[in-house]
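One structure below.
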2 protein chains.
Amino acid sequence: MNDIVTDCHGVKPLSEIFKLLSEPNRLRILCGLGMECQSVGSVVEETGLSQTNVSFHLRLLREAGLVRPEKRGAFVYYCLPDQKILALLDDFRAWAETLEKPATHKKAS
Amino acid sequence: MNDIVTDCHGVKPLSEIFKLLSEPNRLRILCGLGMECQSVGSVVEETGLSQTNVSFHLRLLREAGLVRPEKRGAFVYYCLPDQKILALLDDFRAWAETLEKPATHKKAS
DNA sequence: CAATCATATAAGCGGATACTCATATGAATG
DNA sequence: CATTCATATGAGTATCCGCTTATATGATTG
């Protein structure tokens, strides 16, 4: 296990995935697709973002294969091709909550 | 499980972690600390990055609690406070490799 | 087929960020 | 204590990225 330490040069593709997840709105969109596929309009409504902006984010996620579009009439529904990402995100969040940030030292005034 | 889908608004802190991991050099640095603590100079040597740049990245990682500094004489060694992140990164990478990117449609010429 | 609705794309702006150069701090060594 | 070594910080710059304002495509409906 932990093959990652044996090949620290192959982190580029992984970092690109993280870049996609590093944008709060994008992560929120992805997270919103967790329960079920959603149309673009539905995502717009749920997030409060502009339609243009949502389409833009969805495109990035789609091009990376993180979401999959599905045409239904005039609508396009976006789905998670693999629900496993939700578990991964949860694992990460659980771990993140255990992080102890260092004391920011302020001088006593 | 998958609490993340029940609270898509609390993704901000998680996205900040991902932002830290989204920079290839930063991820490479973190990855290099997997086996053992390393001094700044050692990281510089291993990555080929400038000392200033390494210090800059290490600061961000440190402030987030992802790495922990340890003074040893004139040197500062950086360590992973929690090796679990290596497993998480590996899980993510394994999953990322299963992603099917959509066919970029080119016209037949 | 004209109009409308759902979604996608293009161009541009403003802010964030990764990197460099210069410099500062702080420890070891003579 | 002066010099050197290890690391950290600050300012400046160039690039990237997210968002908006148009505009385009493509499907439905009358």
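Keep in mind that what you see is a predicted model, and the values were worked out from it rather than measured. Values reported hereafter were calculated over all heavy atoms of this structure, with side chains retained and with hydrogens, waters and symmetry mates removed. Chain naming here is simple, since letters A, B, ... match the order of the sequence lines and numbering starts at 1 in each.
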- prompt: For the pair made of CD in B/E16 and C1' in C/dT17, what is the distance, rounded to whole Å?
  reply: 14 Å
query: Any donor and acceptor pair, going by atom type alone, linking the side chain of A/R62 with main-chain N or O of A/R68 inside 3.5 Å?
result: no
Expected output: side-chain B/T98 to main-chain B/W95 donor-acceptor under 3.5 Å: yes
field: Separation of atom CD in B/Q38 from atom P in D/dT7, rounded to whole Å
entry: 11 Å
query: Which whole-number value in Å describes the distance from A/L58 CG to C/dT9 P?
result: 11 Å
message: Could you tell me if the side chain of B/Y78 sits less than 4.5 Å from the side chain of B/V54, heavy atoms only?
response: no
B/Y78 side chain near D/dA8 phosphate (N/O to OP1/OP2, under 4.0 Å): yes
- request: Please list residues of residues 64-74 of chain A whose heavy atoms come under 4.0 Å from any atom in DNA chain D, ordered by number; otherwise none.
  value: A/K71, A/G73, A/A74
message: Is there a side chain to side chain contact (heavy atoms under 4.5 Å, CB included) between B/V40 and B/F75? Walk through the geometry before answering.
response: CA-CA 8 Å; B/V40 176; B/F75 297 78; over 6 Å; no
- line: Contact string for nucleotides 12-24 of chain D, one letter per nucleotide 5' to 3', B = base within protein heavy-atom range under 4.0 Å, S = sugar-phosphate only, - = neither, reads -----SSSBBB--
- request: Give the rounded distance in Å between these two atoms: CD of B/E45 and C1' of D/dT7.
  value: 16 Å
query: Which pairs with one or both residues in residues 28-46 of chain A pass side chain to side chain donor-acceptor pair (under 3.5 Å), sequence neighbours excluded?
result: A/N25-A/R28, A/Q38-A/S42, A/Q38-A/E46
- prompt: Between A/F18 and B/F18, what is the ring plane arrangement, given parallel below 30°, perpendicular above 60°, and tilted in between?
  reply: parallel
task: With the side chain of B/R59 defined as its heavy atoms from C-beta on, choose the nearest nucleotide among C/dT9, D/dA8, D/dG10.
output: D/dG10
query: Hey, mind stepping through B/L80 and B/L30 against side chain to side chain contact (heavy atoms under 4.5 Å, CB included) and telling me if it holds?
result: CA-CA 8 Å; B/L80 296 185; B/L30 198 71; 3.9 Å; yes
- request: Just do the side chain to side chain contact (heavy atoms under 4.5 Å, CB included) check on B/C31 and B/L89 with the steps written out, would you?
  value: CA-CA 9 Å; B/C31 165; B/L89 290 179; 5.6 Å; no
- prompt: If you check every side-chain atom of B/S55, which of D/dA8, C/dA8, D/dA6 has the closest atom?
  reply: D/dA8
